[in-house]
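First the structure, in the form of structure tokens, and then the observations on it.
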Amino acid sequence: VALARSMISSPKLLLLDEPLSALDVKLKKVLQAELKRLHRSVGVTFVHVTHDLEEAMMLADRICVMRSGRILQLGEPSDIYYRPADPFVAGFIGETNLLPVTITGRNGTAVTYTSDEIADAQGSVPASLVASDVGQGPALMMVRPELIRRCEKDAAVDCKLPATITEVFTKGGTVQYRARTPKGHELAIEIQGTSHLPMALGEDVWLGWAKKDIWVLKPGEA
């Protein structure tokens, strides 16, 4: 009813300040779809304020991440999620893994790096996957939990490292694992839900990911 009242005067801009935050999950899903349909059909600009990552990714054409009244990044959902401006944006817009690396050189097409845990035969990543403000010295390699998979120690995987499974969360549609590397870095891994868990609590495994799925950014406050 409140939405209908707001739309009756054909506004050019509609502010929605956490309109779905008090709703149960099922009703929220229904109204998210309705808001998306309404936005597409009437063409009015919606400014939708939310702390719900999934809601922002589902509804937005552009996302603005703010902290202490300051805009940290403004862009399309995929850019915000896979190419965050800094560690805070990376963590705020969804759970992620940030592994420390050291940048040793940069040319037009590739950036070389070293790591005390990541096994990488090439020791470099495409320059297009490294933020422009990253120079020589400490940096962070970001890889989202859903892009990490179990692999064999001798598998031909772009990047891999050993870890021990420390926790398992079965979420129905997905299964999330927590793992710890020998150097003590915590990792999150998320896979499609299955009745046969591929990794067990306490198991020592190798985890790998493709270079096309990473993003290298400057260290900072998370």
Side-chain angles (χ1 to χ4, degrees), residues 25 51-57 65 67 72 77-78 80-103 113-125 129-131 134 137-222:
V25 174
H51 288 88
D52 186 326
L53 161 69
E54 184 179 275
E55 187 170 286
M57 296 294 288
V65 180
R67 186 181 195 183
L72 299 182
S78 60
I80 299 289
Y81 189 72
Y82 291 111
R83 302 288 184 269
D86 60 29
F88 176 81
V89 175
F92 184 79
I93 207 68
E95 192 162 25
T96 196
N97 300 297
L98 297 168
L99 294 166
V101 298
T102 300
I103 303 301
Y113 76 97
T114 60
S115 168
D116 58 2
E117 289 196 302
I118 300 171
D120 179 354
Q122 294 178 323
S124 67
V125 297
L129 300 177
V130 180
V134 173
L140 296 171
M141 179 183 289
M142 187 195 84
V143 57
R144 293 288 181 183
E146 67 273 14
L147 300 174
I148 298 178
R149 290 293 179 267
R150 181 177 184 171
C151 65
E152 298 301 323
K153 182 178 181 179
D154 57 353
V157 179
D158 291 346
C159 298
K160 58 188 174 184
L161 50 65
T164 302
I165 301 300
T166 58
E167 196 55 80
V168 182
F169 300 102
T170 302
K171 300 159 67 174
T174 60
V175 178
Q176 187 177 91
Y177 288 93
R178 300 284 178 160
R180 183 178 293 112
T181 71
K183 297 289 185 180
H185 298 123
E186 300 289 337
L187 291 174
I189 308 99
E190 191 145 338
I191 65 171
Q192 187 174 352
T194 171
S195 59
H196 306 286
L197 298 179
M199 295 182 284
L201 188 64
E203 185 177 1
D204 293 326
V205 298
W206 280 80
L207 302 171
W209 57 91
K211 283 184 184 174
K212 65 181 180 62
D213 293 328
I214 68 168
W215 178 243
V216 180
L217 64 161
K218 288 177 64 175
E221 186 178 353

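For E152, the CD atom sits in a loose shell: 12 or fewer heavy atoms of surrounding residues, nucleotides or ligands are nearer than 6.0 Å. The 12-atom threshold is not exceeded at CD of Q122, counting heavy atoms of other residues, nucleotides or ligands nearer than 6.0 Å.
Contact check for Y177 versus E203: no side-chain heavy atoms found under the 4.5 Å cut-off. Side-chain contact check for L217 versus P87: some heavy-atom pair is nearer than 4.5 Å. Taking the side chain as every heavy atom from C-beta outward, D158 and I214 never approach each other to under 4.5 Å.
Nearest heavy atoms, G202 versus T164: O-CG2, 3.8 Å. Taking every heavy atom of both residues into account, I191 and P198 meet most closely at CD1-CG, 3.5 Å. Here the shortest heavy-atom pairing between A200 and I165 reads O-CB, 3.4 Å. The two atoms that bring T96 and V143 nearest to each other are OG1-O, 3.6 Å, heavy atoms only. The two residues Y82 and M142 have their closest heavy-atom pair at O-CE, 3.7 Å. Contact record, C159 with I118: CB-CG2, 3.9 Å, taken as the closest heavy-atom pair.
With hydrogens and angles ignored, the 3.5 Å screen pairs a side-chain donor or acceptor of R144 with a backbone N or O of E95. The main-chain N or O of P84 is found under 3.5 Å from a side-chain atom of W215 such that the two form a donor-acceptor pair. For T166 (side chain) and R178 (main-chain N/O), a donor-acceptor pair under 3.5 Å exists by modelled atom type. Between the N97 side chain and the A188 main chain, a donor and an acceptor come within less than 3.5 Å of each other.
Cation-pi geometry between R67 and F92 is not satisfied (NZ or CZ under 6.0 Å from the ring centre, within 45° of the ring normal).
Qualifying salt bridge (Lys or Arg N to Asp or Glu O under 4.0 Å) partners for E190, counting only residues two or more places apart in sequence or in other chains: K171.
With rounding to the nearest 0.5 Å, the separation of CE in M141 from CG in L129 is 9.5 Å. Atom CD1 of I148 is separated from atom CG of L187 by 5.5 Å, given to the nearest 0.5 angstrom. We find the CD-OG1 distance between E186 and T181 to be 8.0 Å, quoted to the nearest 0.5 Å. How far CG of L161 is from CH2 of W206: 7.5 Å, rounded to the nearest 0.5 Å. Atom CG of L207 and atom CZ of R150 lie 8.5 Å apart (nearest 0.5 Å).
Within the structure, salt bridge (charged side-chain N to carboxylate O under 4.0 Å, His left out) pairs that include any residue of residues 113-122 comprise D120-K211 (at least two apart or interchain).
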